[in-house]
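Data block below; observations after.
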Amino acid sequence: MRKKVVAANWKMYKTPAQAREFFRDFLPLVSGHTRDEVVVCPPFVDLAAAVDATQGSGVAIGGQDLYWKAEGAFTGETSAAMLLAVGCTHVIIGHSERRQCFAETDDTVNLKLKCALEAGLIPIVCVGEVLEEREAGLTEEVLRRQCLRAFHALSGKKAGTLIVAYEPVWAIGTGKTATPELAAEAHALIRSEAAKSLGQDLADNLRILYGGSVKPENAATLMAEPEIDGALVGGASLDPKSFAAIVKY
Ligand code: PEP
């Protein structure tokens, strides 16, 4: 039985003060929750405030990205050691907005994934097709390529904590949600790619989250699907009440 994960991606929203306000309202709403893993990934400048505000709450904090070098002249970047030092346990890698707006490639996703695992951060690797790819019947090919390249030169032993998020790009922030059946199909494909690259054991235990317009109204239906091991939530995670409703669906 795989443990479900509900993760929030705040993108470029909220200042440290707003992050504190969020947790002041959110934590009482989820106290005693039975969700196995709840993670919030705020912007970098909010991380210290978020870690401080969630001490002892069972809510984990993650970065939205990292750079694979230990340190150096890499203006604007953040290392795994920096994320760990501030109290992060998780990190999102390869979000479609990084791929589309900031030239993230399958190869940099691989470098970041290896770096996160080596450092002991729990990686949440995002994969997913854009609308044109789905309409052209290329979804399988795209997901296979993204997985194959992301998992390149990794062993199942090293990748034990890996989490993958299937995020069809046409469903992100659009209000369009994949049906549970369609998501399950993609998740099964990702799991079979993980088995090929990382071994059957890892694939059987791999948590694959669905992301793309998850809301309190559709969370229960999506997560009732056995292939869906949780959710990566953007817009609906910014409001304490709606994110709490998703956590407790
Ligand atoms: C995301 O950005 O990872 C996401 C799934 O966004 P939204 O929930 O707003 O579609």
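All values below were derived from every heavy atom in this structure, side-chain atoms included, with hydrogens, water molecules and symmetry-related copies excluded. Remember, it's 1-based here, ligands and their atoms both numbered in the order they're listed.
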Exercise for the section: Report the part of Ile172 in contact with ligand 1, treating N, CA, C, O as backbone and CB onward as side chain, heavy atoms under 4.0 Å; options are side chain, backbone, both, neither. Expected result: both
Handout entry: Identity and separation of the nearest protein heavy atom to atom 1 (C) of ligand 1
Key = His95 NE2, 3.2 Å
Practice task
Examine the side chains of His90 and Glu37 and answer whether a donor and an acceptor come within less than 3.5 Å of each other.
Solution key: yes
Handout entry: Joint hydrophobic cluster, Leu143 plus Val164, side-chain heavy atoms closer than 4.5 Å
Key = yes
Completion exercise
Gly212 heavy atoms within 4.0 Å reach ligand 1 at atoms 5 (C), 10 (O)
Exercise for the section: Salt-bridge test for Asp106 and Arg99: reply yes if a basic N is under 4.0 Å from a carboxylate O, no otherwise. Expected result: yes
Problem - Any side-chain heavy-atom pair of Asp65 and Arg98 under 4.5 Å - result: yes
Practice task
State whether a side-chain donor-acceptor pair under 3.5 Å links Glu104 with Thr108.
Solution key: yes
Handout entry: Pair Glu132-Trp170, side-chain donor/acceptor within less than 3.5 Å
Key = no
Practice task
Pick, from Gly234, Ala8, Ala7, the option with the minimum heavy-atom distance to atom 6 (O) of ligand 1.
Solution key: Gly234
Practice task
Measure from the ring center of Trp10 to the ring center of Phe23 and say whether it is less than 6.0 Å.
Solution key: yes
Practice task
Name the closest protein heavy atom to atom 5 (C) of ligand 1, giving the residue it belongs to and the distance to 0.1 Å.
Solution key: Glu167 OE2, 3.1 Å
Handout entry: Atom indices of ligand 1 within 4.0 angstrom of Gly173 heavy atoms, with elements
Key = 7 (P), 9 (O), 10 (O)
Handout entry: Student check: side-chain heavy atoms of Ile93 and Ile124 closer than 4.5 Å
Key = no
Exercise for the section: Would you please determine whether Ala236 falls within less than 4.0 Å of ligand 1 on a heavy-atom basis? Expected result: no
Completion exercise
When distances are taken from atom 9 (O) of ligand 1, the protein heavy atom at minimum range is Gly235 N, 2.8 Å
Problem - Those atoms of ligand 1 less than 4.0 Å from some heavy atom in Asn9 - result: 1 (C), 2 (O), 3 (O)
Exercise for the section: Consider ligand 1: state whether an atom of it lies below 4.0 angstrom from any non-hydrogen atom of Ala171. Expected result: yes
Exercise for the section: Could you check which of Lys11, Lys215, Glu97 puts a non-hydrogen atom nearest to atom 2 (O) of ligand 1? Expected result: Lys11
